[in-house]
Structures are given as C-alpha cells and as structure tokens.
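Computed from a predicted model, the values in this text were never measured in an experiment. Along the sequence shown, residues are numbered consecutively beginning with 1.
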Amino acid sequence: MVLELTPAAAPLQGGLADAASRFFLDNPDWGYVWSNRDAILDATVVTVQLTFVSIVLGFLIGLPAGVAEVYAPAWLRIPVETVGVVIRAVPILVILIYMFYVFSVSSSPFIAATFALGLRSGAYQSQIFRGAIQSVGEGQMEAARSVGMSKLEAIVYVIVPQSLRRSIPGFQNEFTIVLKDTSIAIILGVTELLGTAEDLFLQQNRTGAALELILAISLVYFVLTVTTNRGLEFAGDYFGVPTGENA
C-alpha cells in the first residue's frame with residue numbers, strides 16, 4: 001500500500017510540514033514507510049523490551065557467574081567456566097533454535113528469544129564482571145577481612161560494588177550487542193524491527209520500499225544505540241571509579 005496524498009491534503013503551506021509533504025509525494029516508497037510509522041513504532045517498543053529483559057536476565061546470570069569464576073572453589077568454578085565457554089562458542093541462532101524447538105522453554109517466541117539472548121548475554125557479562133573483579137586490588141579484600149568481615153561479606157559489600165563501577169564501559173558495549181542481536185528473533189516470528197520491516201516489504205508484493213524500510217529501521221537502531229550509550233557514559237562519569245586528576 002502506497003501513501004496517497006489527496007489534492008485536499010496536499011497544499012500544506014510553508015515550513016517543515018510543506019517540505020515533508022513534497023518529500024513523501026515525490027518519494028512514494030518513503031511515503032509507504034511514513035504511512036506505516038505506527039507499525040515501526042510498535043516494533044521499536046518490542047525491540048526495547050526484548051533488549052531490556054535480556055540484559056537484566058544476562059546480569060542476573062553474569063554477575064554471580066563472574067564472582068564464581070574468581071572466588072568459588074574448583075568444584076563450582078570449573079563447571080561455571082566450562083558452561084560459559086560453550087555458550088560463548090555457540091552461535092546465537094543455534095541457541096535460539098534450541099531454546100524454542102528443543103528445550104521448549106516457552107510457547108511464546110518472545111520469551112524463548114529472551115531466554116536465548118539473556119543466556120548468551122550472561123555468558124559474556126560474566127567475563128565483564130570477572131575482569132572488573134580481578135581489577136580490584138587484593139588489598140581491598142585484606143582490608144575488609146581485617147575489620148572482621150567474612151569472605152562472603154567482603155565480596156558482597158566491598159568487591160562487588162567496586163567491580164560494578166569498573167564494569168560500566170564493558171557493559172555499555174554488551175548492551176549495544178544485545179540491542180542489535182534482537183533482530184535474530186525474526187526467525188521465530190517476533191515482530192521486532194527487522195521482522196516488521198520484512199512484513200511491510202512483503203505487503204508491497206516485493207516491488208519496492210525495501211531499501212527505505214531497511215534505512216528506517218537502521219535509523220531507529222542508531223538512535224537507540226546512541227541514546228543508550230550517552231546514558232551509560234553519563235552513568236560511568238557519575239558512578240565510575242575516578243581516574244587521573246579526579247582520583
């Protein structure tokens with residue numbers, strides 16, 4: 001379906017509205033994208049939800065896994081490390097297929113995609129937190145133990161808070177990766193951005209607007225990525241460990 005501007009609607013006078021009207025009138029494919037902006041907005045909401053829930057699930061898996069890789073005894077540390085290596089070595093597409101078709105974690109494609117993305121993100125977040133924990137000086141643990149804290153209390157109240165502040169730059173990169181990887185959910189029929197773009201293209205009988213649809217959803221990904229990264233940079237500046245002249 002191509003957006004049709006009737007003669008009565010066409011004569012928008014002056015300014016941005018007039019420029020936009022001429023642009024869409026002269027570019028029917030862009031007019032098609034504009035006429036389906038509500039569908040793209042709904043898909044954007046689904047993408048944001050999928051990203052947010054997957055990141056939170058990954059955090060709940062990755063943080064304890066990272067702590068275990070540093071402080072747990074061998075009987076726990078080795079299995080955690082092994083599972084993490086296996087998950088990181090398997091393509092996200094394979095994990096997604098296993099979650100939905102083999103393990104059947106849920107009949108909902110959205111939930112199955114969330115589990116797959118969250119599990120994979122947890123495997124990577126564990127390495128972010130492991131590195132951040134190891135960057136905290138040994139003296140911090142010794143100081144905490146010297147004031148009477150148990151090892152667990154020292155980890156929870158001294159080591160983990162400092163490592164979370166140090167992990168913000170790595171977490172920022174992981175967020176961007178998860179956001180873009182939500183597009184893999186298209187194979188389960190989740191109506192995220194890429195799936196919606198494909199549906200709209202098929203409604204055009206594959207005759208046009210493909211490039212415009214891809215550019216439109218790419219712009220949405222770009223805006224989401226930049227906005228989130230600026231927010232995490234602000235969080236890093238505010239909560240991060242001071243360095244240089246600010247230390």
Phe222 reachable from Leu193 in the ILVMFWY side-chain graph, under 4.5 Å edges: no
Nearest heavy atoms of Glu192 and Ala185, plus distance in Å: CG-CB, 4.3 Å
Rounded distance [0.5 Å steps], CG in Leu76 versus OH in Tyr71: 15.0 Å
Pairwise distance CD1(Ile168) to CG(Asn173) - rounded to 0.5 angstrom: 14.0 Å
Co-membership, hydrophobic cluster, residues Phe100 and Val53, 4.5 Å side-chain: no
Contact summary for Leu164 and Ser167, nearest pair of heavy atoms: O-OG, 2.8 Å
Tyr221 side chain reached by Thr47 side chain, heavy atoms, under 4.5 Å: yes
Residue pair Phe129 / Ser163, side-chain heavy-atom distance below 4.5 Å: no
Any side-chain heavy-atom pair of Val158 and Val136 under 4.5 Å: no
In one Ile/Leu/Val/Met/Phe/Trp/Tyr side-chain cluster, 4.5 Å: Ile95, Ile111: yes
Pairwise distance CD1(Ile133) to OG(Ser135) - rounded to 0.5 angstrom: 9.0 Å
Minimal non-hydrogen separation, Ile128 against Gly170, with atom names: CD1-O, 3.4 Å
Side-chain donor/acceptor of Arg88 to backbone N/O of Ala123, under 3.5 Å: yes
With sequence neighbours excluded, residues passing side-chain contact (heavy atoms from CB on, under 4.5 Å) with Leu200: Tyr32, Asn36, Ile40, Thr196, Gln203, Leu213
Check: Glu142 main-chain N/O paired with Arg145 side-chain donor or acceptor under 3.5 Å: no
Heavy-atom side-chain contact between Leu224 and Thr44 under 4.5 Å: yes
Nearest heavy atoms of Met141 and Ala154, plus distance in Å: SD-CB, 3.5 Å
Side-chain heavy atoms of Gln172 within contact of Thr228, under 4.5 Å: no
Audit row: Tyr124, Ile177, side chain to side chain contact (heavy atoms under 4.5 Å, CB included) steps and yes/no: CA-CA 10 Å; Tyr124 279 97; Ile177 292 172; over 6 Å; no
With Glu69 via side-chain contact (heavy atoms from CB on, under 4.5 Å) - residues at least two apart: Val80, Glu81, Ser126, Gln127, Arg130
Heavy-atom closest pair, residues Ala116 and Leu96: CB-CD1, 3.6 Å
Atom pair CG/OG1 of Leu232 and Thr176 - distance to nearest 0.5 Å: 7.5 Å
CG-OG1 distance between Leu119 and Thr114, expressed to the nearest 0.5 angstrom: 12.0 Å
Same cluster (ILVMFWY, side-chain, under 4.5 Å), Val48 and Val178: no
Heavy-atom side-chain contact between Ile159 and Gln140 under 4.5 Å: yes
Presence of salt bridge, Glu233 and Arg230, under 4.0 angstrom: yes
Joint hydrophobic cluster, Leu117 plus Leu93, side-chain heavy atoms closer than 4.5 Å: yes
Non-hydrogen side-chain atoms of Leu57 and Ser121 separated by less than 4.5 Å: no
Within-4.5 Å side-chain heavy-atom neighbours: Thr191 and Asp42: no
Other cluster members, Leu41 - Ile/Leu/Val/Met/Phe/Trp/Tyr, side-chain contacts below 4.5 Å: none
Residues Glu198, Leu194; criterion side chain to side chain contact (heavy atoms under 4.5 Å, CB included); working and verdict: CA-CA 6 Å; Glu198 182 187 51; Leu194 187 60; 5.9 Å; no
Residues that Tyr98 engages under ring-ring contact (aromatic ring centres under 6.0 Å, His included), provided they are two or more places apart: Phe103
Residues in side-chain contact (heavy atoms from CB on, under 4.5 Å) contact with Val223, at least two apart in sequence or another chain: Leu219, Thr227
Nearest heavy atoms of Gln125 and Gly58, plus distance in Å: NE2-C, 3.4 Å
Set of residues satisfying ring-ring contact (aromatic ring centres under 6.0 Å, His included) with respect to Phe171, sequence neighbours excluded: none
